[in-house]
Amino acid sequence: MNRLIAPLLSLAALAATTGCMSPPNDLDLALTRPSAENKYVVTLQPPAQPAAINQLHAWQVKLSTPAGTPVTAARIRIDGGMPQHGHGLPTKPQVTRELPEGGYLIEGMKFSMTGWWEIKLAIDGPAGADRVTFNTVVAERGAGR
Ligand SMILES: [Cu+2]
């Protein structure tokens, strides 16, 4: 193992425990990901306009098998929060409608502050239960990203 890694890791740990909580630089913001056990491929679709802080917004999920076949009639529970702050989502978003082609509408999403949020989906479908976590960075409105 490289001898440089240990000091670098402790520096990173120090940075994580001191006040400034900017999101990690290597945060994976991919919106299409395999689920943890590779049972599904999940695409998360943010609202077309980035939502303002403390405003409700709707997201969409597309669910398919690893081979690309749309997965319908799955149950999806939504959880999440801010790992750097130790709190969850301020609301309880839910899938309110199934859309064509393995799509699902999530309503009731809200971000109460800027920064790094995790969006966690627990999926129960034909291939069994699995889960996936997405990262999203909420910026001040108009600040980009
Ligand atoms: Cu927070």
Side-chain angles (χ1 to χ4, degrees), residues 1-66 70-99 101-125 127-145:
M1 188 173 159
N2 192 322
R3 277 161 197 254
L4 277 176
I5 288 179
L8 283 177
L9 284 178
S10 56
L11 265 183
L14 187 68
T17 51
T18 51
C20 182
M21 291 280 198
S22 54
N25 286 327
D26 57 349
L27 204 56
D28 185 349
L29 298 172
L31 288 173
T32 296
R33 328 181 65 108
S35 56
E37 294 173 28
N38 282 308
K39 291 176 181 170
Y40 306 102
V41 172
V42 192
T43 299
L44 189 63
Q45 215 173 77
Q49 297 288 324
I53 300 298
N54 277 325
Q55 213 172 70
L56 287 171
H57 40 103
W59 292 53
Q60 285 184 31
V61 171
K62 279 259 185 189
L63 202 58
S64 73
T65 66
V71 172
T72 58
R75 276 177 301 145
I76 301 174
R77 278 181 300 112
I78 300 106
D79 197 2
M82 299 187 81
Q84 293 170 316
H85 298 178
H87 65 76
L89 296 174
T91 55
K92 295 198 182 308
Q94 292 195 337
V95 170
T96 52
R97 191 149 37 104
E98 195 173 334
L99 305 168
E101 301 286 303
Y104 300 81
L105 181 68
I106 297 175
E107 289 187 286
M109 289 281 290
K110 189 164 97 171
F111 299 124
S112 47
M113 60 187 82
T114 59
W116 170 27
W117 290 81
E118 284 182 329
I119 299 171
K120 302 179 181 193
L121 306 180
I123 300 157
D124 199 355
D130 208 347
R131 52 190 55 245
V132 63
T133 300
F134 293 92
N135 298 302
T136 191
V137 173
V138 177
E140 293 289 352
R141 197 183 175 104
R145 208 144 70 172

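If you read the sequence from its start, that first residue is 1, and numbering goes on from there.
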More than 12 heavy atoms of other groups within 6.0 Å of Arg33 CZ
yes

Can you find a heavy atom in the side chain of Asn135 that is under 4.5 Å from one in the side chain of Glu118?
yes

Kindly indicate, with the supporting measurements, whether the criterion side-chain contact (heavy atoms from CB on, under 4.5 Å) is fulfilled by Lys110 and Leu56.
CA-CA 5 Å; Lys110 189 164 97 171; Leu56 287 171; 3.9 Å; yes

Donor-acceptor contact below 3.5 Å, side chain Tyr104 vs main chain Thr96
no

Closest heavy-atom pair, Val71 versus Thr65, reported as atoms and distance to 0.1 Å, is CG2-N, 3.6 Å

Pro93 meets the side chain to side chain contact (heavy atoms under 4.5 Å, CB included) criterion, sequence neighbours left out, with Ile78, Leu89, Thr91, Ile106, Met109

Would you please test Thr136 and Trp59 for side-chain contact (heavy atoms from CB on, under 4.5 Å) and show each step?
CA-CA 12 Å; Thr136 191; Trp59 292 53; 4.1 Å; yes

Nearest heavy atoms of Thr72 and Gly102, plus distance in Å
CG2-N, 4.1 Å

For atom NZ of Lys62, is the number of surrounding heavy atoms from other residues, nucleotides or ligands below 6.0 Å larger than 12?
yes

Side chains of Leu27 and Leu29: closer than 4.5 Å at any heavy-atom pair?
yes

Here the gap from Leu121 atom CG to Thr133 atom OG1, rounded to the nearest 0.5 Å, amounts to 8.0 Å

Looking only at heavy atoms, what is the nearest atom pair of Asn38 and Pro66, with distance?
O-CG, 3.3 Å

What residues form a salt bridge (Lys or Arg N to Asp or Glu O under 4.0 Å) with Arg75, not counting sequence neighbours?
Asp124

Spacing of Glu37 atom CD and Arg131 atom CZ [to the nearest 0.5 Å]:
9.0 Å

Run the ring pair (Phe, Tyr, Trp, His ring centres under 6.0 Å) test against Trp117 and tell me which residues pass, sequence neighbours left out.
His87, Phe111

Heavy-atom closest pair (Leu63 atom, Ile76 atom, distance to 0.1 Å) is CD2-CD1, 4.4 Å

Spacing of NE2 belonging to His57 relative to CD belonging to Gln49, to within rounding of 0.5 Å:
13.0 Å

Taking all non-hydrogen atoms of both residues into account, name the closest pair between Gln84 and Pro24 and its distance.
NE2-CD, 3.8 Å

Could you tell me whether Gln94 atom CD has more than 12 heavy atoms of other residues or ligands within 6.0 Å of it?
no

Is there a donor-acceptor pair under 3.5 Å between the side chain of Tyr40 and the backbone N or O of Ala129?
no

Thr114 and Ala139: which non-hydrogen atoms are nearest, and at how many Å?
CG2-C, 3.8 Å

